[in-house]
Amino acid sequence: MSNTPVRVRFAPSPTGPLHMGGVRTALYNYLFAKKHNGTFLIRIEDTDQTRFVPGAQDYIMDALKWCGIMPTEGPGLGGDFGPYIQSERKEMYRPYADELIKNEKAYYAFDSSEDLSQMREQALKMGMPNWQYNNVTRGSMQNSLSLPADEVQRRLDNGDPYVIRMKMPRNVDVRFEDEIRGWVVVNTNNVDDKVLFKSDGMPTYHLANIVDDHLMKITHVIRGEEWLPSAPLHVMLYEAFGWDCPKFAHLPLLLKPDGNGKLSKRDGDRLGFPVFPTDWKSEDGEIYTGYREQGYFPEAFINMLAFLGWNPGTTQEIFSLDELVASFTLDRVAKAGAKFDPDKTKWFQQQYLRGAENALLAEKLNIVLDNKYSLDKLTVVCGLMKERATFIEDIWTEGSFLLERPIEFDEQTVNKKWKDESEALMAEWSTVLSSIDSFVAENIESTFKTFLAEKELGIGAVLPLFRLLLTGKGMGPSMFEISEFLGKDECIARISIGITSLQKV
RNA sequence: GGCCCAUUCGUCUAACGGUUAGGACAUGCGGUUUUCAUCCGUAAAAUAGGAGUUCGAUUCUCCUAUGGGCUACCA
């Protein structure tokens, strides 16, 4: 086993947008594959054609691409094990189902869905809330185990609809070692005769997933905890086919930030954070916002996701994708579900914004601003503003004054600081400013200090006024750096314009 | 209801039988800053409960409680 190349798969069904829990599953698969120089592939599980949602597959691929965790095999990507969409593999599954029937591991069942729901209803009335199609009940149902052989043949020849069910043995302990949870044991008495092949000619998830994982030479099945209960069935199927079983790792769930339960798309609307990696427009026109559109960097999103259920065992929290690959191991994945924390997510984003090169931020900002300003200027703006921003947009909403003259002046600051004598003081300061030869922050600052000393005033009595006139705000970055960036002429102009504006108030 | 899985500060988690139970986010309070943010310091904050095993249990076992998942011809 140690010599066989690692191959893992992410197997979403195209029933809608991929939510962040799914992205995390994909991420862990990606990290595990890269860590072991293996292959990460994607397989679309669309065996339930009634739940197909147009656009979902494209959404999934696009989202993974944005996250930077693209598989190397999959639909549209090529690979030696295709096709990678189960509906396109439809013809491959039937022979495997037949094989199980021949080996008496499975059987035909003719009961209709209506028969079954009636059966369950009846059982419920008799105080049995979990009726199952299994070892003890199948004898009284319509199937190739209970019906005479000629009757079975007659029905098959007649084209009666049927499904193929797994013949679960009685009272067998199925055990497997989960990479995260250790040994898991389930008795077959608690597993029903699952449908493997549906009457519409498609396999169910259970059959398709085993056949495909085998054919695609999957070595590790890393998936959500919701699959844990059906893992024993899957183990039984591998045994029934006589195939090697891949290793299993069942990931803890992502929970709502408040209360309990699985994180759902509704929680995002309710609590005001994205649940999806990118925007999704549902068929009825409803829009679910994504992390991308909210302004999160994919690196921050991925970093946050990686830490929801995994940690490196050190105090390092900021990890590039490559660093995650190097550090990731399944044995450091937690067992218990993790409540999603929107605050921590913002913190990760803040860290990445702060750590980014100014020029890079400027490029992103430039796109938002439609190339309206020069990249050089935007680079300085980003450098000045990024310490107090979380998203690129914040840089602009807080720092647009650097490129646009202020139209409004912060009311609170005006009320608090703008006094009768302020106008004269600022006019005087303006004159002093105009006398500075080399208009750089350092000189402006020393000139300012001299000015204060001459006027016998404190910083707090002068600088806020200067800031107000130049930026319209009561807070922000260093005034001396701002002044240098604006340039002498602009500073003097703004002081003059500002004074005029405040006179009217 | 049945089966399975889980349970350390409010949240994410560390501590693979011996620690003053550690870190991060959020929160409170200080310091730095013209201001805001940053940054620095600091405080408060947890082993669900009960039995065992052991010289010693957060750690191992069992029971209870709580939470979650599954219980479809869905994935």
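Every value quoted in this text rests on a predicted model; they were computed, and no experiment measured them. Keep in mind that the numbers below use all heavy atoms, side chains included, and drop hydrogens, waters and symmetry copies.
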Exercise. Once you round it to whole Å, what is the distance between P of B:A75 and CG of A:D213?
Worked result: 14 Å
Seminar exercise, completed: Out of B:G69, B:G23, B:C12, minimum distance to the side chain of A:T315 belongs to B:G23
Problem set entry | Rounded distance in Å between the P positions of B:U33 and B:C16 | 43 Å
Exercise. Is any side-chain nitrogen or oxygen of A:R120 closer than 4.0 Å to OP1 or OP2 of B:A72?
Worked result: yes
N/O to N/O distances under 3.5 Å, protein versus nucleotides 60-66 of chain B:
none

Exercise. Which nucleotide in the list B:U11, B:A75, B:G69 gets nearest to the side chain of A:R51?
Worked result: B:A75
For this session: Name all residues meeting the salt bridge (charged side-chain N to carboxylate O under 4.0 Å, His left out) criterion together with A:D46; count only those two or more places apart in sequence or in a different chain, and write none if there are none.
Result: none
Seminar exercise, completed: Applying salt bridge (charged side-chain N to carboxylate O under 4.0 Å, His left out) to A:R270 and not counting sequence neighbours gives A:D258, A:D267
Exercise. Base, sugar-phosphate, or nothing for A:T345, non-hydrogen atoms under 4.0 angstrom?
Worked result: nothing
Seminar exercise, completed: Those residues at least two apart in sequence (or on a different chain) that pass side-chain contact (heavy atoms from CB on, under 4.5 Å) with A:A56 are A:P14, A:V53, A:W280
For this session: Could you give the distance separating B:C36 and B:G68 at their P atoms, to the nearest angstrom?
Result: 43 Å
Exercise. Can you list every salt bridge (Lys or Arg N to Asp or Glu O under 4.0 Å) pair that touches residues 335-345 of chain A, not counting sequence neighbours?
Worked result: A:E317-A:K344
Problem set entry | Sugar-phosphate only, base, or nothing, as touched by A:G224 at under 4.0 Å among non-hydrogen atoms | nothing
When you compare the protein's N or O atoms with those of nucleotides 2-5 of chain B, which come within less than 3.5 Å of each other, and at what distance?
from, atom 1, to, atom 2, distance (Å)
B:C5, O2', A:R181, NH1, 2.6

Pairs under 3.5 Å (N/O, protein and nucleotides 31-34 of chain B):
from, atom 1, to, atom 2, distance (Å)
B:U34, N3, A:R467, NH2, 2.8
B:U34, O4, A:R467, NH2, 2.3
B:U34, O4, A:M479, N, 3.3

Exercise. Roughly how far apart, to the nearest Å, are B:G52 and B:A45 at atom P?
Worked result: 30 Å
For this session: Taking the side chain as every heavy atom from C-beta outward, state whether A:K455 and A:L425 have any pair of such atoms under 4.5 Å apart.
Result: yes
Seminar exercise, completed: Per atom distances to the A:Q132 side chain, the nearest of B:C73, B:U71, B:C39 is B:U71
Exercise. With a non-hydrogen cut-off below 4.0 angstrom, is A:D192 in contact with a base, only sugar-phosphate, or nothing?
Worked result: nothing
Problem set entry | With sequence neighbours excluded, residues passing side chain to side chain donor-acceptor pair (under 3.5 Å) with A:S140 | none
Exercise. Under 4.0 Å: is that the gap between some side-chain N or O of A:R165 and OP1 or OP2 of B:C73?
Worked result: yes
Seminar exercise, completed: Here the residues of residues 196-211 of chain A within 4.0 Å heavy-atom distance, strictly under, of RNA chain B are A:K198, A:S199, A:T204, A:Y205
For this session: Would you please name every residue forming a side chain to side chain donor-acceptor pair (under 3.5 Å) with A:R24, sequence neighbours left out?
Result: none
Seminar exercise, completed: Sequence neighbours excluded, the answer for salt bridge (charged side-chain N to carboxylate O under 4.0 Å, His left out) partners of A:K449 is A:E445
Exercise. When rounded to the nearest Å, what value does the distance between C1' atoms of B:U58 and B:U8 take?
Worked result: 7 Å
Do any side-chain atoms of residues 120-128 of chain A form donor-acceptor pairs under 3.5 angstrom with protein atoms, and if so which ones, sequence neighbours left out?
none

Problem set entry | Integer angstrom distance from the P of B:A24 to that of B:U38 | 15 Å
